[in-house]
Amino acid sequence: MKIKNICCIGAGYVGGPTMAVIAQKNPDIKVTVVDINAARIAAWNDKDLDKLPIYEPGLDKVVAEARNRNLFFSTDVDAAIEAADMIFISVNTPTKTYGQGKGMAADLKYIELCARQIAKVAKTDKIVVEKSTLPVRTAQAIKSILHNTGNGVKFQILSNPEFLAEGTAVQDLVAPDRVLIGGEQTKEGLEAIQALVDIYATWVPLENILTTNLWSSELSKLTANAFLAQRVSSINALSELCEVTGADVNEVAIAIGKDSRIGPKFLKASVGFGGSCFQKDILNLVYIAKSYGLNEVADYWEQVIIMNDYQKRRFGSKIIQTLYNTISGKKIAFLGWAFKKDTNDTRESAAIYVADQLMEEQANIAVYDPKVTAQQMQSDLNYLNTRPEDDNESQLTAEHDPYEACKDAHAVAVLTEWDEFKTYNWQKIYDEMKKPAFVFDGRGILDKSSLETIGFQVYAIGK
Ligand code: NAD
Ligand code: UGA
């Protein structure tokens, strides 16, 4: 079975870059990415590549090559579903904010809407691919909706979770550690798996394309994120012990990472992990374990989140304590608002929670982030809903210039590991700050001893 026409529902951080690379590598397949968010689709179609809705290094080049050749962005969801032989579902699956499983389970309403729409519109057989991250056994529910509400056409469901990380999405898609494809172990299921394998095989070596049953694939995605987040919480738990004992967390990370069984990656102590997925996916795993009555399993994974929340709070408290337990009316500069470098994504960024904690103490925050807009920062704070919007607006300002953000501040806090922060003229920043001048390095990226030579009092996580 050769796929000629792909539709992807959801033009977000996953749908956009993933389909751009599939289209780039398969010029003979027409790929249409659809979304109900018209502004987002307009931005994907903008001639000015700086206006793409997602900032990812290298993405503009991929889009420029494939767009309007075999890659299209549209709001006409029905037309794209009808024309496609393969449909990727790449919509958001946030944590539920209501009802049963509130605050834990994944909200699958967008997934169900997609399944119902596909069932209604499809007039020919389709392969439906779960690209979104989903609780194990969701394919069962999708299958039931498609078969019970469809027009009598045949559907095959595959699970093909995405492992890209933001900031390195293009690189991760072009050279993935592995591509995972789960499907039914029947003749038709195996044919559908093969059709998707063929698409990836145009650029991914076959030994890196793993095929499994549906449930292993769905569960592997949640597990991969849980293991990665667990490493961050593990090193963060050690960072506090380093601070009280005189050990240096970076040195400890190097020493343990040299053991090939542990490995060096994902051992960077930080103010806490953010991003749209780690917390959501672990909460989902905890919820699933609890729903099967596996309480010890649930408690084990929940601790990863508890540690992460503690780390964010601990960083904020350190700032308050060090500034003589009073920050009311004091200016504090934030370098970075995104949840990690090289992305404009701010979902669940530690910066939001630390800002909220400091603003509760009536501090004024001035933020510089190279890719995040002032509007986004306000919307992140308003989403937390802890204080009136007017207060958020008066207490937090966004600056276009980092030196302006730091001017007259009592302290600078590094919340994102943007490379450019290391290249600043820190002497100039020091000269223009209130004294004593403090730096709180929540990412451990600055050279502590040279800052101290300038005159700063420096707190670096894990040191
Ligand atoms: P996103 O919010 O950036 O994008 C989802 C898009 O789907 C939105 O633009 C929304 O308007 C659209 N949408 C929702 N319902 C729709 C419908 N019925 N019809 C058409 N469009 C609809 O989300 P994302 O970050 O791309 O994540 C998508 C999924 O991929 C999630 O399950 C997430 O867990 C998973 N994932 C994300 C990442 C990441 O780095 N962001 C990585 C791997 C997996
Ligand atoms: C993560 C996974 O790395 C991807 O494989 C997965 O596809 C994705 O989630 C997803 O499912 O959404 P992402 O959240 O984009 O990707 O970025 P990461 O590089 O994993 O970073 C997550 C958070 O952990 C960031 O806040 C980062 O700063 C923090 N982190 C990461 C640390 O604090 N220390 C580290 O050593 C590594």
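We count ligands from 1, going down the list as the structure has it; atoms in each ligand are counted the same way. Numbering starts at 1 and runs along the sequence shown.
Within a 6.0 Å radius of NZ in K143, no more than 12 heavy atoms belonging to other residues, nucleotides or ligands are found. Within a 6.0 Å sphere centred on NZ of K96, other residues, nucleotides and ligands contribute more than 12 heavy atoms. By the neighbour-count criterion of 12 heavy atoms within 6.0 Å, atom NZ of K422 is densely surrounded, having more than that number from other residues, nucleotides or ligands. Taking a 6.0 Å sphere around CD of Q100, one finds it holds 12 or fewer heavy atoms contributed by other residues, nucleotides or ligands. At most 12 non-hydrogen atoms from other residues, nucleotides or ligands lie less than 6.0 angstrom from OH of Y292.
Less than 4.0 angstrom separates some heavy atom of S90 from each of these atoms of ligand 1: 5 (C), 28 (C). Close contacts between ligand 2 and E162 involve ligand atoms 7 (O) [criterion: under 4.0 Å to a heavy atom]. Close approach of ligand 1 to K221 (heavy-atom distance below 4.0 Å) involves ligand atoms 43 (C). Taking a cut-off of under 4.0 Å to the non-hydrogen atoms of S270, the atoms of ligand 2 that pass are 32 (C), 33 (O). Listed by atom number, the atoms of ligand 2 under 4.0 Å from L267 heavy atoms are 36 (O).
The shell of residues lying under 4.0 angstrom from ligand 2, judged by heavy atoms, excludes R231. Contact annotation: G275 has no heavy atom less than 4.0 Å from any atom of ligand 2. Heavy atoms of K221 approach ligand 2 to within less than 4.0 angstrom.
Protein heavy atom nearest atom 14 (O) of ligand 2, with residue, atom name and distance: F339 CE1, 3.5 Å. Nearest protein neighbour of atom 20 (O) of ligand 2, counting heavy atoms only, is F266 CZ, 3.1 Å. In this structure, atom 36 (N) of ligand 1 lies nearest to the protein heavy atom V14 CG2, 3.4 Å. Among protein heavy atoms, atom 14 (C) of ligand 1 sits closest to N92 OD1, 3.3 Å. Nearest to atom 10 (C) of ligand 1 among the protein's heavy atoms is D35 OD1, 3.4 Å. Nearest to atom 36 (O) of ligand 2 among the protein's heavy atoms is K268 N, 2.8 Å. Among protein heavy atoms, atom 28 (C) of ligand 1 sits closest to V91 O, 3.4 Å. For atom 12 (O) of ligand 2, the closest heavy atom belonging to the protein is C277 SG, 2.7 Å. Counting only heavy atoms of the protein, atom 8 (C) of ligand 2 lies nearest to L164 O, 3.5 Å. Scanning the protein for heavy atoms near atom 21 (O) of ligand 2, the closest one is K340 CD, 4.0 Å. In this structure, the protein non-hydrogen atom closest to atom 39 (C) of ligand 1 is E166 OE2, 3.3 Å. Given atom 28 (O) of ligand 2, the protein heavy atom at minimum distance is R443 NH1, 2.7 Å. The nearest protein atom to atom 19 (N) of ligand 1, hydrogens excluded, is given as I9 CG2, 3.5 Å; this is a heavy-atom distance. Nearest protein heavy-atom contact of atom 43 (C) of ligand 1 is E162 O, 3.2 Å. Nearest protein heavy-atom neighbour of atom 30 (N) of ligand 2: V232 CG2, 3.9 Å. Counting protein heavy atoms only, atom 17 (C) of ligand 1 is closest to I36 CD1, 3.9 Å.
Aromatic ring centroids of Y368 and W418 lie 6.0 Å or more apart.
Comment: K341 does not engage E166 in a salt bridge, judged by the lack of any side-chain N to carboxylate O separation of less than 4.0 angstrom. With respect to D441 and K448, no salt bridge is recorded, no charged nitrogen being found less than 4.0 Å from a carboxylate O. Between K221 and E130 there is no salt bridge, since no side-chain N of the basic residue sits under 4.0 Å from a carboxylate O of the acidic one.
Heavy atoms only, all atoms of each residue included: I235 and L267 are closest at CG1-O, 3.4 Å. Contact between A11 and I41 at its shortest, heavy atoms only, is CB-CD1, 3.9 Å.
Below 3.5 Å of separation, one finds an N or O of R347 facing an N or O of ligand 1. Between S276 and ligand 2, no pair of N/O atoms sits closer than 3.5 Å. Residue K280 has at least one N or O atom closer than 3.5 Å to an N or O atom of ligand 1. For the pair F278 and ligand 2, the shortest N or O to N or O distance does not fall below 3.5 Å. On a distance-only criterion, Y13 and ligand 1 share at least one N/O pair closer than 3.5 Å. Considering backbone and side-chain atoms together, T93 places an N or O closer than 3.5 Å to an N or O of ligand 1. Taking only nitrogen or oxygen atoms, main chain and side chain alike, R40 reaches within less than 3.5 Å of ligand 1. For the pair F163 and ligand 2, the shortest N or O to N or O distance falls below 3.5 Å.
With a 6.0 Å cutoff to the six-membered ring centre and a 45° limit on the axis angle, K312 counts as a cation-pi contact of Y353. With a 6.0 Å cutoff to the six-membered ring centre and a 45° limit on the axis angle, R178 counts as a cation-pi contact of F163. Relative to the ring axis of F88, K131 does not place its NZ or CZ within 45° and under 6.0 Å from the centre.
Contacts of C277 with ligand 1, taken as heavy-atom pairs under 4.0 Å, involve the side chain alone. Proximity of L228 to ligand 2, defined as any heavy-atom pair under 4.0 Å, is confined to the side chain (atoms from C-beta onward). Proximity of D345 to ligand 1, defined as any heavy-atom pair under 4.0 Å, is not found for any part of the residue.
Evaluated for a side chain to side chain contact (heavy atoms under 4.5 Å, CB included) with I89, the options L113, V129, T138, I118 yield exactly one hit, I118.
At distances below 3.5 Å, not a single donor-acceptor pair connects side-chain atoms of N225 with backbone N or O atoms of I282. Although no hydrogens or angles enter the test, the distance criterion places a donor-acceptor pair under 3.5 Å between the side chain of N148 and the main chain of S144. With hydrogens and angles disregarded, a donor-acceptor distance shorter than 3.5 Å links the side chain of N151 to the backbone of A122.
Expressed to the nearest 0.5 Å, how far CG of L285 lies from NZ of K280 amounts to 12.0 Å. Atoms CG and OG1, on D369 and T343 in that order, are 9.5 Å from each other to the nearest 0.5 Å.
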